[in-house]
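When a residue number appears, it is its place in the shown sequence, counting from 1.
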Amino acid sequence: MDPFQAKMIAAATGSTLTALTMTPFDLVKTRLQTQPTQTRPLFPRPPPNTCSRPLAGEVVCIWDHGVFKTERVNGFYDAVKHVWKAEGLRGLWKGVGTTLVIGVPSSTAYILTYDHLLHSVFPAFFHQESPLLPLFAGVAARGTISTIASPLELIRTNLQSTPVSAKHPHTLRSVLTSIRSLVQKRGMFYLWRGLAPTLWRDVTFSGYYWASYEAWKRAFARRGHEGAWIAFVSGAISGTSAALLTSPFDVLKTRRQAMIMSSTTGHFTGTIPLLLKIIRTEGTSALFAGLSPRIAKIAPACGIMISCYEGIGRYLIQKP
């Protein structure tokens, strides 16, 4: 098979598997990152049909038989259990269709762009063994794809985020209606609001991830270990460390995109003002909200994606 076609099929397969298996992690992470805050304990318990984050601990907002309420959780897996119990299996996979529409084309384009830059463009500027080669290839690939896909990411984030109230649940139709209204009022470029923190997160993540991945893969190769499972391990390790590094950027990106269509945005629409507001009102720990589900998603997601790309791609290329 033609190498490009083989790589495209491998990338699309990895993207699809990742989107189908990792959506629940992404949904819980987004819910935890977009909980409304309550600066003062006005109520010992939240009033009926509302959701607010207490001063300490984590909560997740769920729909329980038509009632919108807060559930106190002890970490990520407890949050999954609460959402599953109240909203069922479909609740954990909310937004999976949008994730497939966004994730498969963008991830496929991203990894193919990175591969082309790594092997055909940047070798003219960097030595083949230089760690700067995968770093700059990853930065350029992710920056390009994230900018193009930013409006679709805005849709996905708002679809999975915590609704402002029980009277306005997030559905694909309601989110698209809100976006259409925003475009009519503020113009097409408003769909790229939140791009700055997205680039801070994705570009930083991508550059670090690919530099780390290629370094780990070469280290294993020197010891005689190669193959799809080495790609999985290298990808998982690199993805986990990159997720830790970029968690504050992920929170800023999720919060800002969730606030764009919210009436509570106020004057804190800029990235830096939002960062300062979060630190002042919620503390620096809020910048790491949803870290557990993010790592729980990214480690296997990176492993699945890169092992499929290298394993399936190599198999299809060699197949007569």
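Side-chain contact between Thr113 and Thr144: absent, with no pair of heavy atoms (C-beta onward) separated by less than 4.5 Å. Considering only heavy atoms from C-beta on, Leu245 comes within 4.5 Å of Thr204 through its side chain. Side-chain contact between Glu214 and Leu118 is present, with heavy atoms from C-beta onward closer than 4.5 Å. The shortest side-chain heavy-atom distance between Leu17 and Cys308 falls under the 4.5 Å cut-off. With a 4.5 Å cut-off on side-chain heavy atoms, Asp202 and Ile145 do not count as touching. Inter-residue side-chain proximity for Leu100 and Leu20 is flagged as met; some heavy-atom pair is nearer than 4.5 Å. Put simply, the side chain of Phe125 does not reach to within 4.5 Å of the side chain of Ser130, judged on heavy atoms.
With hydrophobic clusters built from ILVMFWY side chains whose heavy atoms lie under 4.5 angstrom apart, Leu133 shares a cluster with Tyr213. At a threshold of 4.5 Å between side-chain heavy atoms, the hydrophobic network of Ile, Leu, Val, Met, Phe, Trp and Tyr places Trp210 and Leu135 in one connected group. Tyr208 and Leu252 fall into different hydrophobic clusters, defined by Ile, Leu, Val, Met, Phe, Trp and Tyr side-chain heavy atoms under 4.5 Å apart, directly or through other members. Hydrophobic clustering (side-chain heavy atoms under 4.5 Å, transitive across Ile, Leu, Val, Met, Phe, Trp, Tyr) keeps Ile148 apart from Met8.
Shown are Leu112, Thr13, Ile9, Thr108; of these, the side-chain contact (heavy atoms from CB on, under 4.5 Å) with Tyr309 is made only by Leu112.
When the ring pair (Phe, Tyr, Trp, His ring centres under 6.0 Å) test is applied to Phe249, the partners found at least two apart in sequence or on another chain are Trp200. The side-chain hydrogen bond (donor to acceptor under 3.5 Å, both in side chains) check on Tyr209 picks up nothing, with sequence neighbours excluded. Residues meeting the ring pair (Phe, Tyr, Trp, His ring centres under 6.0 Å) test with Phe136, sequence neighbours left out: Phe126. Shown here are the salt bridge (Lys or Arg N to Asp or Glu O under 4.0 Å) partners of Glu310, two or more places apart in sequence or in another chain: Lys217, Arg314.
At a cut-off of 3.5 Å, with distance as the only test, a side-chain donor of Ser206 or Tyr110 sits close to an acceptor on the other residue.
For the pair Ala11 and Ile111, the tightest heavy-atom approach, listed with the atom from each and the gap, is CB-CG2, 3.4 Å. The shortest heavy-atom contact between Ala211 and Pro134 is CA-CG, 3.9 Å. Listed here is the closest heavy atom pair of Gly313 and Ala10: N-CB, 3.4 Å. In terms of heavy atoms, Ile295 sits closest to Ala243 at CG1-CB, 4.1 Å.
Judged by distance alone, the side chain of Ser212 and the main-chain N or O of Ser238 form no donor-acceptor pair under 3.5 Å.
Cluster partners of Ile237 are Trp216, Phe220, Trp229, Ile230, Val233, counting Ile, Leu, Val, Met, Phe, Trp and Tyr whose side-chain heavy atoms approach within less than 4.5 Å, directly or via other members.
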Evaluate the side chain to side chain contact (heavy atoms under 4.5 Å, CB included) criterion for residues Ile298 and Phe205: first the C-alpha distance (whole Å), next the side-chain angles of each, then the deciding distance (0.1 Å), finally the verdict. CA-CA 11 Å; Ile298 284 179; Phe205 182 99; 3.9 Å; yes
Working for side chain to side chain contact (heavy atoms under 4.5 Å, CB included), residues Ile304 and Phe232: CA-CA 6 Å; Ile304 291 171; Phe232 182 93; 4.1 Å; yes
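Here the OG1-CD1 distance, from Thr18 to Ile306, works out to 10.5 Å after rounding to the nearest 0.5 Å.
Evaluation of the salt bridge (Lys or Arg N to Asp or Glu O under 4.0 Å) test over residues 128-147, restricted to residues two or more places apart or in two chains, returns Glu129-Arg218.
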